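Below, chains carry the letters A, B, ... as their sequence lines are ordered, and counting in each starts from 1. Keep in mind the model is a prediction, meaning the values are calculated, not measured.
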Amino acid sequence: MPKRAQHAISPTRAENYPEWYQQVVKAADLAETSDVRGCMVIKPWGYAIWENMQRILDGMFKATGHENAYFPLFIPMSFLEKEAEHVEGFAKECAVVTHHRLEPNPDGGLRPAPAAELDEPLIVRPTSETIIGATFARWLESYRDLPILINQWANVVRWELRTRMFLRTAEFLWQEGHTVHATEQEARDETRLMLDVYADFAQNTMAMPVIRGEKTASERFPGAVATYSIEALMQDGKALQAGTSHFLGQNFAKAQEIKFQDRSGHEVYAWTTSWGVSTRLVGGLIMTHSDDDGLVLPPTLAPAQVVILPIYKNDQERGQVLAYCESLQQELQAECYAEQSLRVKIDDRDLRGGEKKWQWVKRGVPLRVEIGPRDVAAGGVFAARRDVGGKGQGVPRGEFVAQAAQTLADIQQALLDRATQARDQATARINTLAEFEAYFAESAPGGLAYCHFVDGPEMEAQLKALKVTARCVPLEAPVESGSCIFTGQPSQRRGVFARAY
RNA sequence: CGGGGUGUGGCGCAGCCUGGCAGCGCGACUGGUUUGGGACCAGUAGGUCGCAGGUUCGAAUCCUGUCACCCCGACCA
């Protein structure tokens with residue numbers, strides 16, 4: 001038997017983290033590069049994870065009073081021009097549609113027909129504030145129309161110069177919430193509410209601990225008054241912005257005439273918010289839990305929570321083993337976890353057992369059950385947890401079924417605990433610039449640094465030189481007196497700093 | 001968009017320096033042997049060497065141009 005590497009994924013995380021990431025995506029069959037630059041094909045296993053995220057998030061949005069709608073993929077170019085900062089932020093990465101017809105090219109092939117040039121170019125949406133804002137302006141007349149609480153599931157395009165599977169692709173899938181409110185306070189409350197929804201989802205569904213906080217001025221969404229984010233720490237010590245919620249003030253309302261008559265009959269501008277998470281969450285999920293054997297999925301999001309692998313030598317054994325597997329599947333499906341029937345898959349493909357087993361290890365299925373004639377005879381199962389590794393152990397069938405949901409809950413909790421511990425171990429309170437520089441030295445592991453700071457050009461310049469970014473000012477940060485490590489100016493709060501994706 | 005690198009069967013690569021029959025590994029398929037585990041043996045299929053031009057008796061190999069992708073920056077969810 002040929003000796004294999006000790007781990008299913010090569011290189012390991014320690015050897016080359018970016019390459020390890022690519023290999024995990026490939027080995028787990030999540031996605032692949034496409035024929036279009038910067039765009040990926042999301043394969044069934046990867047898309048099923050996204051569908052689970054969608055289902056759960058969608059429920060949370062609806063539970064907080066939002067409704068889904070759909071707006072056009074195309075945005076007239078002039079719409080983008082209305083909010084000055086917004087243009088500046090997105091103009092450099094827009095795909096532009098200029099023609100509506102092709103014709104044969106005299107040199108062969110096709111070309112856009114010169115006669116079919118659009119009067120006004122259309123932008124493929126990089127985000128939909130402008131087109132949705134313009135629509136809201138028509139919807140809104142009276143204070144009685146408020147609040148408007150809308151979410152859209154969509155694809156957007158940002159022509160990024162450098163792309164990475166799930167983390168940054170030219171086209172990506174996301175949801176964008178857009179709301180309109182009568183008062184500033186109500187809009188601010190909405191912004192924070194949705195940030196909390198995201199934090200709840202990250203921690204309780206993805207088992208990914210996050211820090212909720214407010215972005216500094218330079219990291220703010222173009223056109224926003226305040227941007228809040230949830231920040232997670234990946235295993236390589238880099239931070240990932242996993243979700244954002246923006247308080248847009250009246251910037252877009254004024255740019256797009258989103259106004260209404262208030263109770264006193266005066267026409268006033270409304271207050272708007274927007275918030276979103278994307279398929280980037282899948283990248284965060286991968287980099288939070290996966291190990292050198294591939295993907296590790298939290299049970300809440302796993303397309304299959306249990307995979308059953310029948311083992312047999314001949315047709316007679318096959319019949320017995322498969323019948324046993326199918327009844328086991330039915331028993332497991334009668335159990336519930338996270339308010340849903342267990343998702344159980346039998347893999348009866350004509351492949352060697354070992355290879356099949358490793359495929360499911362690399363795909364990250366939380367519980368693997370191997371059933372052979374011996375288990376059938378003994379009325380047992382041979383089960384292994386993905387999160388703890390190892391070969392697994394024999395368990396009486398009834399006991400396994402009765403405890404399956406609890407085991408999944410244990411795995412979910414164990415993943416969150418493990419990730420939280422890793423995050424906390426890679427977190428430091430730093431009080432001087434020298435410490436800060438040492439913490440983020442090329443050879444250092446990096447991580448999160450809580451520091452006193454005063455936002456401004458001086459800090460930005462120093463951070464840029466160190467390739468470190470201000471992630472956010474944590475909401476739960478206590479007020480404490482200190483001095484900015486970059487400028488020495490007095491500061492009342494610590495911010496979180498890290499290298500970032 | 002700046003710096004570096006790579007384009008050769010489905011995938012991963014060698015060959016290029018020094019021009020001379022297009023190779024290897026994995027995968028696929030067929031047959032056999034195996035079977036509580038990423039198997040073994042034998043055989044089969046599959047490539048005008050990214051594209052265009054040039055040099056040459058002859059180009060995967062040398063020259064020019066071009067396109068794509070990857071990595072490192074800058075920009076960004």
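One C1' atom belongs to B:C70, the other to B:G25, and the distance between them is 22 Å to the nearest Å. Nucleotides B:G65 and B:C76 place their P atoms 34 Å apart, quoted to the nearest Å. With both ends at atom P, the span from B:G46 to B:G10 equals 11 Å, rounded to whole Å. For the C1' atoms, the distance from B:U8 to B:U55 is 22 Å, rounded to whole Å.
At the heavy-atom level, A:Arg37 lies under 4.0 Å from the strands shown only through sugar-phosphate atoms. Among the atoms of the strands shown, none is found under 4.0 Å from any heavy atom of A:Glu317. Here A:Thr169 lies in heavy-atom contact (under 4.0 Å) with a base. Nucleic acid contact for A:Ser278: base, since at least one base atom lies under 4.0 Å from a heavy atom of the residue. Among the heavy atoms of the strands, none lies under 4.0 Å from A:Tyr312. At the heavy-atom level, A:Glu160 lies under 4.0 Å from base atoms of the strands shown. At a threshold of 4.0 angstrom between heavy atoms, the contacts of A:Leu240 with the nucleic acid are absent.
For A:Asp375 and A:Ala170, each mapped to the nucleotide of RNA chain B holding its nearest heavy atom, the one lying further toward the 5' end belongs to A:Asp375. Each of A:Arg220 and A:Val36 was assigned the nucleotide of RNA chain B with the nearest heavy atom; the assignment lying further toward the 5' end belongs to A:Val36.
A donor-acceptor pair shorter than 3.5 Å cannot be found between the side chains of A:His178 and A:Ser274. Looking at A:Thr179 and A:Thr273, their side chains do bring a donor and an acceptor atom within 3.5 Å of each other.
If you take CZ of A:Phe90 and C1' of B:C75, they are 12 Å apart, rounded to a whole angstrom. Computed from coordinates, the A:Arg499 CZ to B:G73 P distance equals 9 Å when rounded to whole Å.
One finds a side-chain N or O of A:Arg352 lying less than 4.0 angstrom from the OP1 or OP2 phosphate oxygen of B:A39. Contact check, A:Lys464 against B:C75: a side-chain N or O comes under 4.0 Å of OP1 or OP2. Residue A:Gln22 places none of its side-chain N or O atoms closer than 4.0 Å to OP1 or OP2 of B:C70.
Picking from B:C11, B:G38, B:C76 the nucleotide with the shortest atom distance to the side chain of A:Trp358 gives B:G38.
Taking 4.0 Å as the cut-off between side-chain N and carboxylate O, A:Arg386 and A:Asp291 count as a salt-bridged pair.
For A:Arg397 and A:Tyr324, the positive end sits near the middle of the six-membered ring, less than 6.0 Å away and at most 45° from its axis.
The closest side-chain heavy-atom distance from A:Met60 to A:Asp200 is below 4.5 Å.
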